[in-house]
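The structure appears below as structure tokens.
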Amino acid sequence: MKEFVMRVTATEAKNRFGSLCAQAKREPVFVEKAGHLDTVILSVELYQALRSSVGKADLAARKKAFEADFGEWLANQNARVDTLGIPGADLRPW
């Protein structure tokens with residue numbers, strides 16, 4: 001099955017904005033300016049899904065980089081706590 005892609009000119013988008021917003025709830029609408037793709041109109045649901053997936057990928061990449069940079073230090077700190085306990089633990093009320 002072929003994917004239908006809605007493409008309009010910037011002038012057409014200006015003149016039909018309301019109907020294109022309705023169309024964007026079903027599929028992205030691509031707006032051309034001077035013969036080149038310039039803008040995409042998306043439903044808020046699709047936009048939020050895209051933001052969420054980018055955020056998760058970015059978070060996973062940052063976590064991986066953090067673990068690569070500080071993994072050894074974290075392992076040493078955890079081993080130290082396992083051996084010596086938490087400093088000041090005897091002063092805690094629980």
Tell me, please, which residues at least two apart from Leu59 pass side-chain contact (heavy atoms from CB on, under 4.5 Å).
Arg62
Rounded at 0.5 Å granularity, tell me how far CG in Leu46 sits from CZ in Arg26.
14.0 Å
Is there a side-chain hydrogen bond (donor to acceptor under 3.5 Å, both in side chains) between Arg51 and Gln48? Walk through the geometry before answering.
CA-CA 5 Å; Arg51 290 280 304 195; Gln48 289 172 339; over 6 Å; no
What pair of heavy atoms forms the shortest contact from Val31 to Ala10, and how long is it?
CG1-CA, 3.6 Å
Treating Ile, Leu, Val, Met, Phe, Trp and Tyr as nodes and any side-chain heavy-atom pair under 4.5 angstrom as an edge, say whether Trp73 and Phe66 lie in one connected cluster.
yes
Should Val81 and Leu84 be counted in the same cluster of Ile, Leu, Val, Met, Phe, Trp and Tyr side chains packed under 4.5 Å apart?
no
Whether the side chain of Thr83 engages the backbone of Ala79 through a donor-acceptor N/O pair (distance < 3.5 Å, no angle test) should be reported.
yes
If you draw a 6.0 Å radius around CD1 in Ile86, do more than 12 non-hydrogen atoms from other residues or ligands fall strictly inside?
no
Is Glu12 close to Leu20 at the side-chain level, that is, under 4.5 Å between some pair of heavy atoms?
no
Hphob cluster co-occupancy, Val44 + Phe17, side-chain heavy atoms under 4.5 angstrom:
no
Could you list all the side chain to side chain donor-acceptor pair (under 3.5 Å) pairs where at least one residue sits in residues 29-40, not counting sequence neighbours?
Arg7-Glu32
